[in-house]
Amino acid sequence: PPPPEVAEISNVLKNRWKLGYETESLDLYMSAFWKEGYFYWSDMATDDRIDDDVIFDNWEEERDSAIRVFKNYRNIEIEISEPPEVKILNEERTKAEVRNHYKIQLYVPEGTSLPGGYEAYYAEGDNIFIFEYRANENGKMEWRITEWRQNEYSKEEIEAGWKQ
């Protein structure tokens, strides 16, 4: 059987990160992350251009981003690969690299549209999370995300996947 960390980490991904985003529950979503030392980076589907990368070097920026998404989109649907790939990074078993594949679709509210007249946004790619096992505000030990690196697929990569 997989180590207990895999089930605990998978639970955070499914029942906090994913469910919080899909239900637009800011508190649930943000409970997937450690506030101290949080870092996020997305390549925005480009390999070579750094000027379009999105980087958050604190928890508040992630929170503000989620608030903007929840304000501008509805019916958020996320699909993630199960189970995630979990690699324990230290002997104390308090740090893990977690990889999964994701697909996300978000719809704009009725009567509005995105540039080009689109009513939905779709993205797909691979996540690399660093999870840490720490004491929470109540002193209980738990796994949460401290770092998130997102490699988005380009439009061409997504369309090529549809043709397979």
Report task. List the steps, then state whether side chain to side chain contact (heavy atoms under 4.5 Å, CB included) holds for Glu92 with Tyr133. Result -> CA-CA 10 Å; Glu92 298 82 16; Tyr133 190 67; over 6 Å; no
Query raised in the report: Checking side chain to side chain contact (heavy atoms under 4.5 Å, CB included) for the pair Met30/Trp59: CA distance, chi angles, key distance, verdict?
Result: CA-CA 8 Å; Met30 294 310 297; Trp59 183 88; 3.3 Å; yes
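Contact record, Arg16 with Ala32: CB-CB, 3.9 Å, taken as the closest heavy-atom pair. The two residues Leu89 and Ala96 make their nearest non-hydrogen contact at CD1-C, 3.9 Å. The minimum heavy-atom distance linking Ser42 with Glu152 is given by the pair OG-OE2, 3.1 Å. Closest heavy-atom contact between Tyr107 and Ala120: CD2-CB, 3.6 Å. The two residues Pro109 and Asn72 come nearest to each other via the heavy atoms CD-O, 3.3 Å. The two atoms that bring Ile76 and Glu22 nearest to each other are O-CG, 3.5 Å, heavy atoms only.
The CD atom of Glu137 sits 9.0 Å away from atom OG of Ser31, with the distance rounded to the nearest 0.5 Å. To the nearest 0.5 Å, atom OG1 of residue Thr23 and atom NZ of residue Lys18 are 10.0 Å apart. Atom CD of Glu62 sits about 10.5 Å away from atom CD1 of Ile67, to the nearest 0.5 Å. Between the CD1 atom of Ile104 and the CD1 atom of Ile80 there is a distance of 11.0 Å, given to the nearest 0.5 Å. Atom CZ of Arg134 and atom OG1 of Thr94 lie 9.5 Å apart (nearest 0.5 Å).
Using a 4.5 Å heavy-atom cutoff, the side chains of Val108 and Tyr73 are in contact. In this structure, the side chains of Trp41 and Asn151 come closer than 4.5 Å at one or more pairs of heavy atoms. Within the 4.5 Å cutoff, no side-chain heavy atoms of Leu28 are placed close to those of Tyr21. Side-chain contact between Asp126 and Arg99: absent, with no pair of heavy atoms (C-beta onward) separated by less than 4.5 Å. In this structure the side chain of Asn136 reaches within 4.5 angstrom of the side chain of Arg144, judged on heavy atoms. A heavy-atom distance below 4.5 Å is found between the side chains of Phe131 and Leu13. Residues Trp143 and Glu5 have side chains in contact (heavy-atom distance under 4.5 Å, counting atoms from C-beta outward).
Side chain of Asn15 to backbone of Leu19: no donor-acceptor contact under 3.5 angstrom is found. With hydrogens and angles ignored, the 3.5 Å screen pairs no side-chain donor or acceptor of Arg149 with any backbone N or O of Ile128. Under a 3.5 Å cut-off, the side chain of Asn127 and the backbone N or O of Phe129 do not form any donor-acceptor pair. With His101 contributing its side chain and Gly125 its backbone, the two residues share a donor-acceptor pair below 3.5 Å.
Within 6.0 Å of atom CZ in Arg63, 12 or fewer heavy atoms from other residues, nucleotides or ligands are found, so the atom counts as exposed in its surroundings.
Sequence neighbours left out, the pairs with a member in residues 79-88 that pass side chain to side chain donor-acceptor pair (under 3.5 Å) are Ser10-Glu82.
Ile55 and Val69 fall into different hydrophobic clusters, where Ile, Leu, Val, Met, Phe, Trp and Tyr side chains are chained together by heavy-atom contacts under 4.5 Å. Under the 4.5 Å side-chain heavy-atom criterion for Ile, Leu, Val, Met, Phe, Trp and Tyr, Ile130 and Phe33 are members of distinct hydrophobic clusters.
Among Glu61, Gln150, Glu147, the single residue meeting the side-chain hydrogen bond (donor to acceptor under 3.5 Å, both in side chains) criterion with Tyr40 is Gln150. Between Trp148 and the options Trp34, Tyr102, Phe39, Trp17, a ring-ring contact (aromatic ring centres under 6.0 Å, His included) holds for only Trp17.
No salt bridge links Glu77 with Lys103; every basic N to acidic carboxylate O contact stays at or beyond 4.0 Å.
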